[in-house]
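In what follows, a single structure is set out as structure tokens and then discussed.
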Amino acid sequence: MPELPEVEYTARQLRETIIGATIQDALVFWDRTIGHPDPNDFRAEIAELRIEEVRRRAKYLIVDLAGGEQKYILTIHRRMTGNLLLLAPGWELDTSLRERDPVAWNTKGPIFHGYTIRRTHCYSTQQGEKTEQDEEKKDFHAEIGYCRACFILEDGRCLLFTDPRKFGRIELWPQEQELQALAGLGLEPLSEAFTLEELQARLAGRRGNIKQALLNQEILAGLGNIYADEALYYARIHPLRPANTLTLEELRLLREGIIAVLTLGIEHGGTSFSEYRDLWGEAGDNFSHVQVYQQEGKPCQRCGTLIERIVVAQRSTHFCPTCQQLIGE
DNA sequence: ATTTAGACCTGTCAGC
DNA sequence: TGCTGACAGGTCTAAA
């Protein structure tokens, strides 16, 4: 789910809130969520480490950790449904489901009750005193399920990694191995390195379609299904165009479009539908600014033609058949 | 060398 | 109401 903008937005929120905090302990509720090292070593190594910095590379969130002489990086990839939530002190962990219903426990995991951190205040999701703001949000995250791992901070807060579909991965590596931990990632689309010449060079000789090329993280790192469709719409390029046939003008527009849709996505707090939430449990509102993604049957904002949906590389692909023609130049 | 189907997972929604 | 199939932000592996 989360693509570059959603990860970047989360990184910024974490940077404002958890730098300087010390991890007291990590709990793992679904072993496969921890990709490296094995869950027991992971837990042992991460205890007592201090959070030094929070960064993003492609769709990876990177947390720099330090303890004594040793430095580590924690990498978090949310895949489809992974999410981070920061709870204020006062949270309660309920693992009683494990005995009550082992089958349900396997999918739903523990239940967290308690406090979700808000920008300016905390509010209780349990019964009790309610402020006006509580009234507006009273049912929000009353119960938090699908937690696959969590980090308990020494100041009493808790950073949860929730992930219903269990595709997300968290890894801990010695800092020296960062290059190896993040191997194979292509250009950062929002960096200086993403020039027209680089884009041209990386697409040259690629006979596959442009949509697939944009999803290939070894070429550009960070675009996913939403923003790839949006960038192609911006540049008026049909998703099935062979990547090596784009004209220089089309490449220029495509680069401009990629930067524009990613930047807007970040500004809008990410694209949310169904489960995606930010650190404080808020939905990003970029979905209301989307032009083609999941807009099949709706009129194109530029020409009124109905948006179509096709399947490319097993992924839904949305485009305007008038603005984005396959034939011609 | 590339494409493509299948895995990995669970929830939701449309249709019968 | 209940069952079935399609589909959802991603990426890896194996078969064609």
Side-chain angles (χ1 to χ4, degrees), chain A residues 1-10 29-36 56-61 75-84 97 101 103-109 143-149 161-171 181-186 203-231 239-240 242-244 261-262 265-266 268-278 283-290 292-297 309-318:
Chain A
M1 144 249 161
E3 304 179 31
L4 186 154
E6 292 73 34
V7 182
E8 175 63 27
Y9 191 68
T10 303
F29 303 105
W30 180 253
D31 281 353
R32 299 193 58 182
T33 294
I34 307 302
H36 181 275
R56 177 194 61 75
R57 170 80 171 102
K59 300 173 191 172
Y60 288 87
L61 188 73
T75 67
I76 302 175
H77 196 307
R78 292 145 74 182
R79 297 283 178 92
M80 296 287 264
T81 54
N83 239 337
L84 288 161
L97 195 60
D101 186 345
V103 175
W105 164 265
N106 190 47
T107 60
K108 197 168 181 186
E143 275 193 355
I144 303 166
Y146 308 103
C147 178
R148 307 309 177 194
F161 180 74
T162 61
D163 187 16
R165 292 180 70 179
K166 301 175 174 171
F167 291 162
R169 291 293 178 266
I170 299 176
E171 301 187 352
L182 298 172
L185 293 175
L203 294 180
R206 299 226 168 228
R207 290 188 278 134
N209 64 67
I210 185 64
K211 168 72 186 273
Q212 242 182 312
L214 292 183
L215 293 177
N216 183 341
Q217 303 297 297
E218 296 182 4
I219 302 174
L220 280 186
L223 282 181
N225 212 29
I226 300 175
Y227 296 96
D229 282 2
E230 293 298 312
L240 291 177
N244 62 355
V261 299
L262 293 177
I266 296 169
H268 293 138
T271 302
S272 298
F273 55 93
S274 71
E275 294 300 309
Y276 171 71
R277 295 292 181 274
D278 75 5
D285 81 332
N286 194 57
F287 194 51
S288 56
H289 298 271
V290 141
V292 288
Y293 183 74
Q294 288 193 356
Q295 304 301 304
E296 183 185 12
R309 170 184 177 276
I310 58 175
V311 175
V312 180
Q314 290 103 251
R315 309 299 302 278
S316 276
T317 298
H318 315 77

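Please read all numbers here as calculations on a predicted model, not as lab measurements. Here is the naming used below: chain letters follow the sequence lines, and residue numbers restart at 1 for every chain.
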**Message:** Treating N225(A) as the side-chain partner and S316(A) as the backbone partner, does any N or O pair qualify as donor plus acceptor under 3.5 Å?
**Reply:** yes
**Request:** Give a yes/no answer on whether the side chain of K59(A) brings an N or O atom under 4.0 Å of OP1 or OP2 in dT11(C).
**Result:** yes
**Message:** Using modelled atom types and a 3.5 Å cut-off, is there a donor and acceptor pairing between side-chain atoms of E171(A) and backbone atoms of I34(A)?
**Reply:** no
**Asked** Within this structure, what is the CG-to-C1' distance between L215(A) and dC12(C), rounded to whole angstrom?
**Response** 15 Å
**Message:** Please check this pair: side chain of E3(A) against backbone of I226(A), looking for a donor-acceptor N/O pair closer than 3.5 Å.
**Reply:** yes
Nucleotide N/O of nucleotides 1-7 of chain B paired with protein N/O under 3.5 Å:
unit_1	atom_1	unit_2	atom_2	d
dA5(B)	N7	Q314(A)	NE2	3.0

**Message:** Suppose you measure atom P in dA1(B) against the same atom in dG10(C); what distance do you get, rounded to whole Å?
**Reply:** 27 Å
**Asked** Taking CG from L185(A) and C1' from dC12(C), how many angstroms apart are they, rounded to a whole number?
**Response** 14 Å
**Asked** Between the side chains of R78(A) and N83(A), does any donor sit under 3.5 Å from an acceptor?
**Response** yes
**Message:** From CE of M80(A) over to P of dC12(C), roughly how many Å is that when rounded to an integer?
**Reply:** 14 Å
**Asked** Are the side chains of L240(A) and I310(A) in touch, meaning some heavy atoms are under 4.5 Å apart?
**Response** yes
**Request:** Could you tell me the separation between the CZ atom of R78(A) and the C1' atom of dA8(C), rounded to a whole number of Å?
**Result:** 15 Å
**Fill in**
The dot-bracket string of DNA chain B, counting Watson-Crick and G-U wobble pairs with both distances under 3.5 Å, using [ ] for crossing pairs and | for pairs to another strand, is .|||||||.|||||||
**Message:** Just the rounded figure in Å: distance from P of dA8(C) to CD1 of I226(A).
**Reply:** 11 Å
**Asked** Is there a side-chain contact between R32(A) and R169(A), using heavy atoms and a 4.5 Å cut-off?
**Response** yes
**Prompt:** Quick one: does Q295(A)'s side chain have a donor or acceptor within less than 3.5 Å of a partner on Y293(A)'s backbone?
**Reply:** yes
**Prompt:** Strictly by modelled atom types, are T81(A) and R165(A) linked by a side-chain donor-acceptor pair under 3.5 Å?
**Reply:** no
Between protein and nucleotides 8-10 of chain B, what N or O pairs are separated by less than 3.5 Å?
unit_1	atom_1	unit_2	atom_2	d
dC8(B)	O3'	R32(A)	NH1	3.3
dC9(B)	OP1	R32(A)	NH1	2.8
dC9(B)	O4'	R165(A)	O	3.4
dC9(B)	O2	R165(A)	NE	2.6
dC9(B)	N3	R165(A)	NH2	3.1
dT10(B)	OP1	K166(A)	NZ	2.7

**Complete:** note: D163(A), atom CG; dA8(C), atom P; distance rounded to Å ~ 18 Å
**Message:** Can you give me the closest heavy-atom contact between R148(A) and N106(A), atom names plus distance?
**Reply:** NH1-O, 4.1 Å
**Message:** I'd like to know if the side chain of R57(A) and the backbone of L185(A) have a donor-acceptor N/O pair within less than 3.5 Å.
**Reply:** yes
**Asked** Rounded to the nearest Å, what distance is computed from the CD atom of residue E6(A) to the P atom of nucleotide dA8(C)?
**Response** 16 Å
**Message:** dG10(C), OP1 or OP2 - any side-chain N/O from H77(A) closer than 4.0 Å?
**Reply:** no
**Item:** d(CD, E218(A); P, dT11(C)) in whole Å
**Value:** 11 Å
**Request:** With heavy atoms under 4.0 Å as the rule, sort R309(A) into base, sugar-phosphate or nothing.
**Result:** sugar-phosphate
**dG11(B) phosphate, OP1 or OP2, under 4.0 Å from T81(A) side-chain N/O** = no
**Message:** Is a donor from one side chain sitting under 3.5 angstrom from an acceptor on the other, for E6(A) and Y227(A)?
**Reply:** yes
**Message:** Quick check on side-chain contact (heavy atoms from CB on, under 4.5 Å): which of I266(A), L220(A), V261(A) does L4(A) satisfy it with?
**Reply:** I266(A)
**Message:** Using the P atom as the point on both nucleotides, what is the distance between dC9(B) and dC7(C), in whole Å?
**Reply:** 22 Å
